[in-house]
Amino acid sequence: MNTKLNTKALAFTGAIASAVLTLVCFTIYAVAARPDPWMTLFIGSGPTFGGWVIGIVELGLVGALVGGVVGAVYNRFSKTAA
């Protein structure tokens with residue numbers, strides 16, 4: 001495969017996908033009136049509106065980092081293989 005991935009697009013997509021997934025998970029637990037077991041993993045996140053925002057932003061940043069790293073690593077290895 002002689003194609004390069006757009007690292008910025010992957011980072012942006014990873015951030016959006018992670019943030020949306022976090023919002024969906026937090027909403028499911030809020031509707032079920034149960035504590036979210038994942039919320040304790042996020043620094044500053046809690047069962048409040050501000051805590052939700054912090055959790056969504058943190059996981060969005062993690063998604064951006066993962067997307068950027070995947071794109072960079074792929075481009076590095078595809079360049080040497082081409």
Side-chain angles (χ1 to χ4, degrees):
M1 197 181 238
N2 292 331
T3 236
K4 289 185 107 177
L5 296 177
N6 186 340
T7 332
K8 289 180 184 177
L10 270 173
F12 181 73
T13 305
I16 297 299
S18 294
V20 169
L21 180 62
T22 305
L23 178 62
V24 168
C25 290
F26 285 177
T27 304
I28 287 170
Y29 282 103
V31 169
R34 297 183 59 193
D36 186 352
W38 295 100
M39 199 173 286
T40 56
L41 296 175
F42 306 122
I43 299 169
S45 183
T48 63
F49 177 75
W52 275 38
V53 171
I54 290 171
I56 291 168
V57 168
E58 283 181 3
L59 204 49
L61 291 173
V62 168
L65 178 69
V66 169
V69 167
V70 166
V73 168
Y74 176 84
N75 288 342
R76 173 80 170 123
F77 285 115
S78 68
K79 184 192 296 184
T80 57

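Note that the structure is predicted; figures quoted are calculated from it, not measured.
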**Cluster check I16, V24: I/L/V/M/F/W/Y, side chain < 4.5 angstrom** = yes

**Request:** Identify whether F12 and V20 are in the same connected component of the hydrophobic contact network (ILVMFWY, side-chain heavy atoms under 4.5 Å).
**Result:** yes

**Prompt:** Under the criterion side-chain contact (heavy atoms from CB on, under 4.5 Å), which of T27, V57, I56 is the partner of T22?
**Reply:** I56

**Message:** Quick check: closest heavy atoms across W52 and A30, and the distance to 0.1 Å?
**Reply:** CZ2-CB, 3.6 Å

**Asked** Roughly how far, to the nearest 0.5 Å, is the CG atom of N75 from the CG atom of N6?
**Response** 8.5 Å

**Message:** By the definition side-chain contact (heavy atoms from CB on, under 4.5 Å), identify the one residue from L65, L23, V66, L59 that meets it with S18.
**Reply:** L59

